[in-house]
Amino acid sequence: MKHKALYGTHDILPDESFKWQNFEDKLRSIFALYNYKEIRTPIFEETELFTRSIGQDTDIVQKEMYTFLDQGKRSITLRPEGTAGVVRAYLEHNLGEKSPLVKLYYFGSMFRQERPQKGRLRQFHQFGIEAIGSADPSLDAEMIEMAARICNDAAITDFKLHLNSIGCPVCRPVHRDKLLDFMRDKVGELCDDCKTRFMRNPLRMFDCKKKECTEQLANAPVMIDYLCQECQTHYSQVKGYLKELNVNYFENPRLVRGLDYYTKTAFEIKSSLLGSQDTLCGGGRYDLLVEELGGAPTPAVGFAAGIERFIIVLQMQKKFKFAEKNLNLFIATLGEDAKIFASKLIRELREKNVSCDTDYLQRSLKAQMKEANRLNAEKVLIIGEEEMKKGMAVLRDMQTGEQKEIKLSEIERIWS
Ligand code: HAM
């Protein structure tokens, strides 16, 4: 075979795509319950939008973006995540003017040039939620509760919600200095990536999974001990709301996110079924991003989740009910006249919203029945030349195997 999907990309084939549709339908119904509206933004944007939002010193910007010059020599990047584009659209279309709190959700492909492995792809799919316009800790809690609700509704049993506060520009520099002081004489022991992080983005050292780094960071000062009064109050209010809402969380002071726009609340939901790429979803507050991208100061909070990772867990747990929509009717024909009749009947039935199909390969009756079976058709109508002349055909129920002669003029009534 000449062509193959590129490394780290995958096709979602028909025997898989219905599972995606089932899960997406479930999500859309949850988003509606929480009053979120869909937004669809382009899959590529100006590179600068991502470098400014995600942060110049993050792994995403440093190593993972698909960036190219277009014909007009503009630097373009395939979106590595959804938040930046959503905030850009929020500002471009003045969505904040229409409503002081804008609640949005999205689905879409994201692109990161990472080393592919289970649950990690170069083109992957996210669903995400952004609520732009409120600093209220009850909104953080609503969002976290929604993420947990999604896991519960998807019948995921083993998920764990990690919660942290990563402060704001007032308190973060204080912690940063303490962390740098603590790590200064240990830098030599760190992996190469963390040596760079020490210089450019020290908080990210906490995200390193390498043993040499986790050991060195074991007793390092954590952000939560240095929160300013405002961040502290916000954090305890978020926790208070979560308790009221009966959402179980695990306070993880080492939780940091891979994107620089976060302030205050940070959270992730992890599943042990996923192996090393164990994060199902992640997010938090990003109160400074709207301003950073040219808007008025506007607090915001959001999260996103990898759909592939959810599908992996759902398939492993086998508790979420995936259901493929069955074909209502397959029409098997014998002879050219029956075929012509069938083509008209199919059209009429489809107009009545009955899903149906027929044979286009001149197959034998036996082969047509086999095909109907393969397609999971609920019923098969067998139209033979002689019966058709009498206005009759045979209807077979594929579940029960029951077969009866029926009047062709009555066929539509079965589904009305
Ligand atoms: P993120 O943590 O970079 O956050 O990604 C969110 C989720 O996308 C991850 O938890 C994971 O499930 C999935 N994901 C990330 N990279 C890959 C990959 N290479 N392959 C498969 N799945 C992946 C964000 O993207 C933020 N925009 C979330 C957010 C929204 N924060 C506020 N609003």
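Everything numeric in this text was worked out from a predicted model, so none of it was measured. When a ligand or atom number is given, it counts from 1 through the structure's own listing order.
- Side-chain contact annotation: His162 with Glu251, donor-acceptor N/O pair under 3.5 Å absent.
- If you check each of Ile132, Thr279, Ile269, Asp59 against atom 10 (O) of ligand 1, the one with the closest non-hydrogen atom is Thr279.
- Of all heavy-atom pairs spanning Met110 and Gly82, the tightest one is SD-N, 3.7 Å.
- Not a single N or O atom of Arg120, backbone or side chain, sits closer than 3.5 Å to an N or O atom of ligand 1.
- Residue Gly128 places every heavy atom at 4.0 Å or more from ligand 1.
- Atom CZ of Arg40 has 12 or fewer neighbouring heavy atoms from other residues, nucleotides or ligands inside a 6.0 Å radius.
- Within the structure, salt bridge (Lys or Arg N to Asp or Glu O under 4.0 Å) pairs that include any residue of residues 81-94 comprise Glu45-Arg88, Arg88-Glu92 (at least two apart or interchain).
- An N or O contact shorter than 3.5 Å is missing between Glu308 and ligand 1 by distance.
- Ion pairing of Lys186 with Glu189 is absent here, as no side-chain N (NZ or NE/NH1/NH2) approaches a carboxylate O to less than 4.0 Å.
- When the heavy atoms of Glu81, Arg257, Met110, Arg112 are ranked by distance to atom 3 (O) of ligand 1, first place goes to Arg112.
- Annotation: salt bridge (Lys or Arg N to Asp or Glu O under 4.0 Å) contacts involving residues 226-235, sequence neighbours excluded, comprise Glu230-Lys264.
- For a threshold of 3.5 Å applied to N or O pairs, the pair formed by Tyr261 and ligand 1 contains at least one separation below that value.
- Remark: ligand 1 and Gln126 share an N or O pair separated by less than 3.5 Å (distance only, no angle test).
- Using a 4.0 Å cutoff on heavy atoms, Gly119 counts as a contact of ligand 1.
- Every N/O-N/O distance between Gly82 and ligand 1 stays at or above 3.5 Å.
- Where the criterion is an N or O separation shorter than 3.5 Å, residue side chain and backbone included, Leu121 meets it with respect to ligand 1.
- Of the heavy atoms in Leu259, only side-chain atoms (C-beta onward) come closer than 4.0 Å to ligand 1.
- Atoms of ligand 1 lying under 4.0 Å from at least one heavy atom of Ala304, given by number and element, are 6 (C), 7 (C), 28 (C), 29 (C), 30 (C).
- Inspection of the Glu130 and Tyr286 side chains reveals an N or O donor paired with an N or O acceptor under 3.5 Å.
- When only modelled atom types and interatomic distance are considered, Tyr66 and Thr77 share no side-chain donor-acceptor pair under 3.5 Å.
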